Amino acid sequence: MSGYWSDIFTGSKSLITGLAITAREFFKPVVTEQYPYEVPTMTPLFRGHIELIGNEETGEPNCVVCGMCQRACPSVCISLDGKKNEGGKGKVLTSYVLDFTKCSLCGSCVESCNFNALRFSKVYNLASFDKNEFIMDLMKRLEEQNRCKR
């Protein structure tokens with residue numbers, strides 16, 4: 001019989017504790033964002049997919065086709081190509097493709113780049129029914145960004 005009253009006392013105590021927490025939270029301001037109508041602000045540490053950084057003067061990517069990002073990627077989701085620059089040193093980037101379906105957003109590619117050519121984007125609204133939309137040509141995206149700036 002004493003176990004019966006002990007269970008009732010313990011249950012009543014936990015019920016009152018829960019109601020106290022609910023009452024305290026009830027009067028705090030609402031923090032819910034109404035998503036389609038209010039655009040969320042992304043924090044500076046938000047990691048979207050990677051994107052190329054272009055030179056401010058020319059608009060060309062800062063990438064020198066060293067391949068460090070491709071070697072550092074554990075998911076093997078980056079493929080890049082370049083051609084020998086005629087009359088100059090080094091290579092010129094011709095294609096940079098990211099397969100975002102494989103990307104783990106680890107940041108190894110951004111950390112391994114010594115030429116300030118990669119960064120994380122602030123794009124958060126990536127949704128699609130088509131898998132091919134997540135295979136991104138970052139050269140085309142950089143060209144589109146350059147066109148929008150002008």
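Residue numbers run from 1 in the order of the sequence given. Keep in mind that this is a model prediction, so the values were computed, not measured.
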Assigning hydrophobic clusters by single linkage (Ile, Leu, Val, Met, Phe, Trp, Tyr; side-chain heavy-atom cutoff under 4.5 Å), is Val123 placed with Val39? no
Which heavy-atom pair separates Tyr124 from Pro40 by the least distance, and what is that distance? OH-CD, 3.4 Å
Kindly compute the distance separating CG (Leu118) from OG (Ser108), expressed to the nearest 0.5 Å. 12.0 Å
Do Lys91 and Lys83 have side chains that get closer than 4.5 Å, going by heavy atoms? no
Atom pair CE/OG of Met68 and Ser112 - distance to nearest 0.5 Å: 5.5 Å
If you round to the nearest 0.5 Å, how far is CG of Leu138 from CD1 of Ile53? 11.5 Å
Are Met139 and Leu93 close enough that some pair of their side-chain heavy atoms sits under 4.5 Å apart? yes
Can you pull the side chain to side chain donor-acceptor pair (under 3.5 Å) pairs that have at least one residue in residues 33-44, sequence neighbours excluded? Tyr35-Asn125
Are Ile50 and Leu98 close enough that some pair of their side-chain heavy atoms sits under 4.5 Å apart? yes
Across all chains, not counting sequence neighbours, the side-chain hydrogen bond (donor to acceptor under 3.5 Å, both in side chains) partners of Asp99 are Thr101
Report the distance from atom CG of Asn62 to atom CG of Leu142, rounding to the nearest 0.5 Å. 9.0 Å
Using a strict cut-off of less than 4.0 Å between a Lys/Arg side-chain nitrogen and an Asp/Glu carboxylate oxygen, indicate whether Lys28 and Glu25 qualify as a salt bridge. yes
List the residues meeting side-chain hydrogen bond (donor to acceptor under 3.5 Å, both in side chains) with Glu56, not counting sequence neighbours, and say none if there are none. none
Under the 4.5 Å side-chain heavy-atom rule for ILVMFWY, direct or indirect, which residues accompany Val76? none
Ignoring hydrogens, what is the shortest heavy-atom contact between Phe115 and Cys66? Give both atom names and the distance. CE1-SG, 4.1 Å
Separation between CG (Leu80) and OG1 (Thr94), nearest 0.5 Å, reads 8.5 Å
Applying side chain to side chain contact (heavy atoms under 4.5 Å, CB included), name anything that partners Leu105, two or more places apart in sequence or on another chain. Phe100, Cys103
Smallest separation among heavy atoms of Cys69 and Cys109, with atom names: CB-CB, 3.7 Å
Would a single hydrophobic cluster contain both Tyr96 and Phe134, if residues Ile, Leu, Val, Met, Phe, Trp and Tyr are joined by side-chain heavy-atom contacts under 4.5 Å? yes
Just checking Lys122: does its NZ atom have more than 12 heavy atoms from other residues, nucleotides or ligands closer to it than 6.0 angstrom? yes
side-chain hydrogen bond (donor to acceptor under 3.5 Å, both in side chains) filter on Arg119, not counting sequence neighbours, yields Glu51
Decide whether Phe46 and Val110 are clustered together by the hydrophobic rule: side chain heavy atoms of Ile, Leu, Val, Met, Phe, Trp, Tyr closer than 4.5 Å, transitively. no
Hits for salt bridge (Lys or Arg N to Asp or Glu O under 4.0 Å) against Glu57, two or more places apart or cross-chain, chain-then-number order -> none
Tyr4: side chain to side chain contact (heavy atoms under 4.5 Å, CB included) partners, not counting sequence neighbours: Ile8
Output the distance between atom CG (Asp7) and atom OG1 (Thr10), rounded to the nearest 0.5 Å. 6.0 Å
Would you call Val92 and Val65 a side-chain contact if the rule is heavy atoms closer than 4.5 Å? no
What residues form a side chain to side chain contact (heavy atoms under 4.5 Å, CB included) with Asp130, not counting sequence neighbours? Ser128, Asn132, Glu133
Using the side chain to side chain contact (heavy atoms under 4.5 Å, CB included) criterion, which residues pair with Cys73? Sequence neighbours excluded. Ser75, Cys77, Ile78
Under 4.5 Å side-chain heavy-atom separation, chaining through any Ile, Leu, Val, Met, Phe, Trp or Tyr, what else clusters with Ile21? Say none if it is isolated. none
Within residues 58-74 or reaching into it, pairs that qualify as salt bridge (charged side-chain N to carboxylate O under 4.0 Å, His left out) - sequence neighbours excluded: none
